[in-house]
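Report on one structure; see the data block that follows.
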Protein chains: 2
Amino acid sequence: MGKLDFSPIADTTRRAEIVALLRRAILTGQLEPGQKLNELRIAEQMRVSRAPLREAMRELVQEGILTSIPYAGTFVIDVTAKDIDDAYSLNKVLDEFAIELTWKLRDQRFFDDLDRRHEAVKQATRDLDTTRQIETALQLHGLIYEWADNSVLLETWQRLTSRLQMYFALHQRARNEPVPSEDVHETYVRLLKGNDMRAAQRHAREHIDLDFEELLAYARSLEKRSSKGA
Amino acid sequence: MGKLDFSPIADTTRRAEIVALLRRAILTGQLEPGQKLNELRIAEQMRVSRAPLREAMRELVQEGILTSIPYAGTFVIDVTAKDIDDAYSLNKVLDEFAIELTWKLRDQRFFDDLDRRHEAVKQATRDLDTTRQIETALQLHGLIYEWADNSVLLETWQRLTSRLQMYFALHQRARNEPVPSEDVHETYVRLLKGNDMRAAQRHAREHIDLDFEELLAYARSLEKRSSKGA
DNA sequence: TCTTGTTAGATTGTCGACAATCTGCTTGTC
DNA sequence: GACAAGCAGATTGTCGACAATCTAACAAGA
């Protein structure tokens, strides 16, 4: 059902633009899990040859949101409940670590940025813009990784985030009941501003406010169905 | 091993072969950090066109061992002491997590595999084959990740491993004094076989036997020098 | 001498065409 | 009707050539 229209590419290298376009299409759920990406069709829509498109797809395969089978095709990854569970549990461990690293580096700029990102989530919530809501929530949570001053950790988190964003978008899309939310991030932000690191870590480990539990339940409900064709 | 088990068919695409070749060249230090990869030259040497080579390079960029600057070139990543330190500290956290997940899944096959990999390290050590020594040591440590039954964690570890292997190979290469080792993995293996999970985790966190400290010292000693040209 | 503009060479980015491979349908046989 | 062989059609993988961009060497002018 992939009648998504791409607009022609503009500046910088085509490859980079293509990566951005495809990533966005996948993470917002415009390209559905399991869907095959037809190189010729996409290349024509973007007014681009297959070479940069294929290179872009190779990047996204390594990024973990596409999967490739030689001579068969490249597909959006399938989302299983196990995948989500795996990502969830690793995320908790990483959060705890990131908080530990960030803790003594916090300063006024950190708190300001924290508030700013928190506000962005609340704004998206008021706007009922669910896609942006997911995006901003993940950015809020990403702050501790950006401040942790550990490039490998940050990279790891960003890879995880891609998938998380895709999962959540999928979930939101399913129940077009759009708004989950009053302010679920309140506690998280307050603890990050406070003086009790252990409490913040505990909150991250036990109570994470991203609605994983519900997401998991949704994924399990999908598990029963057969895979869809083209 | 008397039961008939078919492994997947070999990847018959040139791209996959190229990825394997390049990765090996980088991880063994044949391609040095900072070095530029000339597409035309490499393509000619491999008797391959630039298309699959470029796709392969794109994969390795995402894998984190190459870095690319548009219209300038693709280079082997530079190794800084900070990078190693970052990877090291994240590795400790992940090890601890992997041990926790693996712990209750251990069975006889796990212990057998553990012994087998441990033996492989000792064999490589006896052979004075330092490259293989690094490789097998990392495979030994990778066992807990393979058993942890968390695909995202395994993927993360494998990405980390690429870099670690590169760092260690670099280090070994520098001091051609080849042998570090009597059996430094003894304690690690013994604890993984035992009944005290906390002790195993503590060992992973505090005492990891991969010679990180020495590696770090070496990297810091390099920090003073300027970058080299082609 | 220093700066600035130009130009030639080399290298990366992109394109269109061809080769290899897969998929599904058709055909022929039993 | 069931089944294997074989033939299109479509799609991915690879190639060689061209376009865009960078580098550095050189010349002209202050």
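Just so we're on the same page: letters track the sequence lines, and every chain starts at 1.
Distances shown here put a side-chain N or O of B:Arg14 below 4.0 Å from the OP1 or OP2 atom of D:dC15. Proximity of A:Ser49 to the phosphate of C:dC15: a side-chain N or O atom is located under 4.0 Å from OP1 or OP2.
Between A:Ala51 and A:Ala72, the residue anchored closer to the 5' end of DNA chain D is A:Ala72, taking for each the nucleotide with the nearest heavy atom.
The separation between B:Ile69 atom CD1 and C:dT11 atom P is 16 Å, rounded to whole Å. For A:Glu55 and C:dC15, the CD to C1' distance is 12 Å, given to the nearest whole Å. Rounded to whole Å, atom P of D:dA10 lies 11 Å from atom CG of A:Leu40. With rounding to whole Å, A:Tyr71 atom OH is found 6 Å from C:dT21 atom C1'. For the pair B:Leu53 CG and D:dG16 C1', the computed distance is 15 Å after rounding to whole Å. Taking atom CZ on B:Arg50 and atom C1' on D:dG13, their separation rounds to 17 Å, with Å as the unit. In this structure, A:Ile42 atom CD1 and D:dT11 atom P are separated by 12 Å, rounded to whole Å. The nearest whole Å value for the distance from the CZ atom in A:Arg15 to the P atom in D:dA20 is 17 Å.
Considering only side-chain atoms of B:Lys36, the nucleotide from C:dT14, C:dT12, D:dG13 that sits closest is C:dT12. Comparing atom distances between the A:Pro52 side chain and each of C:dT12, D:dT14, C:dC15 picks out C:dC15 as nearest. Here the side chain of A:Pro70 is nearest to one of D:dC22, C:dT14, D:dG13, namely D:dG13. If you check C:dG13, C:dT11, D:dG13 against the side chain of B:Asn38, the one that comes closest is C:dT11. Closest contact between the side chain of B:Glu39 and the listed nucleotides D:dG13, D:dT11, C:dT12 involves C:dT12.
Using a 4.0 Å cut-off between a side-chain N of Lys or Arg and a carboxylate O of Asp or Glu, B:Glu146 and B:Arg117 qualify as a salt bridge. A salt bridge links A:Arg54 and A:Glu39; the closest N-O separation between the charged side-chain nitrogens and carboxylate oxygens is under 4.0 Å. Salt bridge B:Arg116/B:Asp113: present, at least one basic N to carboxylate O contact under 4.0 Å.
For the atom pair CG of B:Leu66 and CZ of B:Phe75, the computed distance is 10.5 Å after rounding to the nearest 0.5 Å.
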Practice task
Take B:Leu153 and B:Tyr145 through the test side-chain contact (heavy atoms from CB on, under 4.5 Å) and record every step on the way to the result.
Solution key: CA-CA 7 Å; B:Leu153 174 63; B:Tyr145 291 91; 3.8 Å; yes

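Contact annotation for B:Arg54: base contact, defined as any heavy-atom pair under 4.0 Å involving a base atom. Nucleic acid contact class of A:Leu37 (heavy atoms, under 4.0 Å, all strands): sugar-phosphate only.
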